[in-house]
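Working notes for the structure below.
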Amino acid sequence: MPLQEASQGRKAVSTFINGSPLPLDDSRLKPVFNSLDASTPIHHFASATKSDCNTACDAAWEAFSGTTLDTGRSGWKRASANTRRDIILRAASLFEQRKVELIKAQKDETACAEGWAINNILTTVGYMREIASCVSNIRGEIPTINKPDTFAFVFKEPVGPVLVIPPWNAALVLATRAVTSAIGAGCTVVLKSSELSPLTHSLIVDIYHEAGLPPGVLNSFSSSREEAGEITEALIANSHIRKIEFIG
């Protein structure tokens, strides 16, 4: 999402929950530096509180099981394969359209070479389109069982909200692959963005919402290193989180 303006002219990445950025709290802003020049922050991010994290988990659960679609289907877990696939494909096209913005964010935050940033976009878009092509192939089976004249059915269902914790290196591709896999399977996401690349990760969220993702399906925030352990433990302990993807 675009940087929000805080006091003293500071630009910051906001916590994003249920389709909207939360108001910035100046006391919670943390600086982001380019590793090649640690003298001046390139921007800031809002360090989330445990309350913010619980709110994000609540939003993800409500979007998963509640009424977030206007199609008569209740919750993202019941969104049709066409709905999930089409949103992913629209998001993939938007990644290509917004490549200049994505390249700049990666270079600013991770000090990577432009070629690496471009490769991240190309690889990300490839993953997204491949995942989209698999959405309609999620199916169960009818296994053979021992009891005569009896059938067994195995159904595959979305597991629920997924906590995604991506790293800063290859910031775009690793985070987007995890988010897209969960969304494609009918799950919602709580994305704990890296404090080293919060803008890059927030652009993933922004693009998905531009592509038409309903509010609450993808929520994101960052936390300071000092509070990371406490925040992560609270997320893992939250009863709404049903699966964790930790990349590192």
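A quick note: this is a predicted structure, and the numbers were derived from the prediction, not measured. Start at 1 with the first residue, then count along the sequence.
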Would you mind checking if [Y] and [X] are paired as a salt bridge, meaning a charged N to carboxylate O distance below 4.0 Å?
X      : Y      : result
Glu109 : Lys104 : no
Glu230 : Lys50  : yes
Glu141 : Lys156 : no
Arg225 : Glu195 : yes
Lys107 : Glu114 : yes

task = Test salt bridge (charged side-chain N to carboxylate O under 4.0 Å, His left out) on Glu210 and Arg90 and set out the steps.
result = CA-CA 9 Å; Glu210 185 180 347; Arg90 284 197 296 270; over 6 Å; no
task = Could you go through the salt bridge (charged side-chain N to carboxylate O under 4.0 Å, His left out) check for Lys11 and Glu5 one step at a time?
result = CA-CA 5 Å; Lys11 301 289 187 179; Glu5 186 165 352; 3.3 Å; yes
Taking [X] for the side chain and [Y] for the main chain, is one N or O donor matched with an acceptor at less than 3.5 Å?
X      : Y      : result
Asn119 : Gly115 : no
Asn238 : Cys57  : no
Thr83  : Ala81  : no
Arg84  : Gly184 : yes
Thr188 : Ala60  : yes
Arg28  : Ala48  : yes
Trp76  : Trp61  : no

Any [X] side-chain heavy atom under 4.5 Å of [Y] side chain:
X      : Y      : answer
Leu191 : Asn219 : no
Ile145 : Thr150 : yes
Val159 : Cys187 : yes
Thr110 : Ser35  : no
Ile204 : Leu172 : yes
Thr232 : Ile165 : yes
Ile244 : Ile236 : yes
Pro31  : Phe33  : yes

Honestly curious: do [X] and [Y] fall in one hydrophobic cluster under the side-chain, below-4.5 Å linking rule?
X      : Y      : answer
Leu94  : Val189 : yes
Phe45  : Leu196 : no
Ile17  : Leu218 : no
Trp168 : Ile42  : no
Val32  : Phe16  : yes

message = If you apply the rule side chain to side chain contact (heavy atoms under 4.5 Å, CB included), what do you find for Leu203 with Gln106, and how did you get there?
response = CA-CA 10 Å; Leu203 289 174; Gln106 292 176 84; over 6 Å; no
Which pair of heavy atoms, one from [X] and one from [Y], lies closest together, and at what distance?
X      : Y      : value
Pro166 : His201 : CG-CE1, 3.5 Å
Lys30  : Ser224 : CE-CB, 3.9 Å
Pro21  : Ser14  : CB-CB, 3.8 Å
Cys53  : Ile231 : SG-CG2, 3.4 Å
Leu24  : Val13  : CD2-O, 4.4 Å
Arg139 : Asn137 : NH2-OD1, 3.1 Å

Any chance you could measure [X], atom [atom1], to [Y], atom [atom2], to the nearest 0.5 Å?
X      : Y      : atom1 : atom2 : result
Ile103 : Glu101 : CD1   : CD    : 11.0 Å
Leu174 : Thr124 : CG    : OG1   : 8.0 Å
Leu122 : Tyr127 : CG    : OH    : 13.0 Å
His44  : Leu199 : NE2   : CG    : 13.5 Å
Ser181 : Met128 : OG    : CE    : 10.5 Å
Thr200 : Asn120 : OG1   : CG    : 9.0 Å

task = Look at the aromatic rings of Phe153 and Phe155 and report parallel, tilted or perpendicular, splitting at 30° and 60°.
result = parallel
Looking only at side chains, do [X] and [Y] share a donor and an acceptor under 3.5 Å apart?
X      : Y      : result
Asn54  : Ser51  : no
Ser80  : Asn82  : no
Thr15  : Asp52  : no
Tyr208 : Thr180 : yes

request  = Check whether the ring centres of Phe64 and His240 lie less than 6.0 Å apart, and answer yes or no.
outcome  = no
message = For Leu22 and Phe221: C-alpha separation, side-chain torsions, deciding distance, then whether side chain to side chain contact (heavy atoms under 4.5 Å, CB included) applies.
response = CA-CA 10 Å; Leu22 298 188; Phe221 53 82; over 6 Å; no
message = Pair Leu163, Glu245 - check side chain to side chain contact (heavy atoms under 4.5 Å, CB included), show working.
response = CA-CA 6 Å; Leu163 170 61; Glu245 177 157 345; over 6 Å; no
inquiry  = Evaluate Leu89 against Arg129 for side chain to side chain contact (heavy atoms under 4.5 Å, CB included), listing each step before the verdict.
reply    = CA-CA 6 Å; Leu89 290 176; Arg129 288 179 174 149; 4.0 Å; yes
ask   = Would the number of heavy atoms belonging to other residues, nucleotides or ligands and lying under 6.0 Å from CD of Glu96 be above 12?
value = yes
